[in-house]
Amino acid sequence: MTDIRERVDTDPPRPDESHTRCAPDVAVTMEFDPPPLVRAVVTRLRVALDSDSGRKALEAMPPEVDLQSTSDPQSARLTRTATGVHVSSPEGSTVPVVGISVDELAISEDEHLAGTANVAALTPLVEPEPPTLDIAACEFWEKASGLPGMPGLSLAALDTGAAVHVGPTTDAYEIHGLEIDLRRLVAGFELFVYSLRAGKFYIKGTNRQLSVVAGASMKAVLHV
């Protein structure tokens with residue numbers, strides 16, 4: 001297999017750190033000490049509601065909707081509020097369960113649950129387009145930079161040639177993959193260790209760096 005690591009730009013462009021997530025008039029809140037599923041849904045909602053399609057989907061959403069995980073007993077309830085949406089762990093099943101499979105690793109349509117709600121209409125909320133690589137990388141770094149031993153990151157897209165660096169340039173940790181996979185990673189849509197195990201990325205760095213970056217990815221996905 002060809003080694004693609006030498007393609008990394010030694011001084012790729014830095015993202016503009018002035019970007020803020022979520023429209024100022026839309027609030028995403030969650031219950032106290034929420035389970036992983038609720039946290040993962042909140043992460044995606046905050047991205048979704050930064051777009052017109054996401055805000056329109058929220059306006060069209062029923063007052064309450066439950067998202068049920070198909071991999072474990074977890075579920076999350078989306079409740080529209082006067083200022084946005086609140087996410088919590090539902091008690092009982094008094095509202096329709098949406099035909100979407102949700103867990104902390106992936107969100108996708110589930111044919112077995114389809115028909116209980118308009119899956120296509122809600123997709124912009126739970127499966128939004130991730131931010132551009134530079135913006136997503138900047139926001140990832142803002143969350144992860146305080147972790148002990150967190151290295152700088154060099155992200156290189158094999159298909160488009162896009163390259164972004166955040167953090168210190170010395171001994172940076174390199175991650176190479178398709179641009180959409182890199183965007184999903186740093187947006188907090190996927191856990192790094194699972195994506196790495198699935199063969200989505202080439203990496204260059206130490207085992208210690210791998211451990212810290214894996215923890216940073218969990219922080220991004222679970223909003224902790």
Side-chain angles (χ1 to χ4, degrees), residues 1 3-5 7-9 12 14-15 17 19 21 34-48 69 71-72 74 76 101-108 126-224:
M1 182 176 293
D3 186 353
I4 45 75
R5 292 176 296 186
R7 298 181 188 176
V8 173
D9 189 345
R14 269 58 170 182
E17 299 187 14
H19 183 82
R21 174 65 49 211
L37 178 61
V38 169
R39 292 180 177 276
V41 169
V42 165
T43 295
R44 289 171 178 245
L45 284 173
R46 287 181 168 162
V47 172
S69 171
S71 61
D72 57 43
Q74 292 187 85
S101 167
V102 188
D103 60 35
E104 63 268 33
L105 305 180
I107 300 180
S108 60
V126 293
E127 191 64 72
E129 180 76 11
T132 58
L133 184 59
D134 56 347
I135 290 175
C138 179
E139 294 180 344
F140 183 91
W141 180 253
E142 288 174 352
K143 298 169 187 158
S145 59
L147 294 176
M150 181 65 193
L153 295 178
S154 284
L155 308 173
L158 303 179
D159 52 337
T160 66
V164 174
H165 184 97
V166 288
T169 57
T170 304
D171 296 324
Y173 190 74
E174 297 180 16
I175 305 176
H176 309 251
L178 299 180
E179 183 171 350
I180 187 61
D181 290 334
L182 291 170
R183 289 166 59 194
R184 290 177 62 85
L185 171 68
V186 289
F189 289 7
E190 298 182 4
L191 287 172
F192 180 50
V193 289
Y194 287 92
S195 296
L196 189 61
R197 185 182 301 169
K200 292 185 177 182
F201 301 121
Y202 298 90
I203 58 174
K204 181 181 179 183
T206 66
N207 286 335
R208 176 179 175 81
Q209 288 176 322
L210 170 62
S211 177
V212 178
V213 173
S217 173
M218 185 174 294
K219 182 179 179 69
V221 171
L222 300 181
H223 195 72
V224 294

statement: Those residues at least two apart in sequence (or on a different chain) that pass side chain to side chain contact (heavy atoms under 4.5 Å, CB included) with Ser145 are Trp141
query: Residues two or more places apart in sequence or in another chain: which of them pass side chain to side chain contact (heavy atoms under 4.5 Å, CB included) with Ala162?
result: Leu133, Ala157, Thr160, Glu179
message: Using the side chain to side chain donor-acceptor pair (under 3.5 Å) criterion, which residues pair with Ser211? Sequence neighbours excluded.
response: none
message: Please enumerate all residues that pass side chain to side chain donor-acceptor pair (under 3.5 Å) together with Thr132, with sequence neighbours excluded.
response: Asp134
Is any side-chain heavy atom of [X] less than 4.5 Å from a side-chain heavy atom of [Y]?
X	Y	value
Ile180	Pro130	yes
Val213	Ile203	no
Arg39	Thr43	no

How close do [X] and [Y] get, counting heavy atoms only, and between which atoms?
X	Y	value
Thr206	Tyr173	O-CE1, 4.1 Å
Pro131	Val47	CD-CG1, 3.9 Å
Gln209	Pro151	NE2-CB, 3.5 Å
Leu155	Ala137	CD1-CB, 3.8 Å
Val38	Ala76	CG2-CB, 4.0 Å

- prompt: Side chain of Arg44, backbone of Phe189: donor and acceptor closer than 3.5 Å?
  reply: yes
Inter-residue atom distance [X].[atom1] - [Y].[atom2], 0.5 Å rounding:
X	Y	atom1	atom2	result
Arg183	Ile135	CZ	CD1	10.0 Å
Lys200	Ile175	NZ	CD1	13.0 Å
Leu185	Tyr194	CG	OH	14.5 Å

Using a 3.5 Å cut-off and no angle test, enumerate the donor-acceptor pairs between side-chain atoms of residues 216-224 and protein atoms at least two apart in sequence or in another chain.
unit_1, atom_1, unit_2, atom_2, d
Ser217, OG, Glu190, O, 3.4
Ser217, OG, Phe192, N, 2.8
Lys219, NZ, Val224, O, 2.8
His223, ND1, Arg46, NH1, 3.3
His223, NE2, Arg46, NH1, 2.3

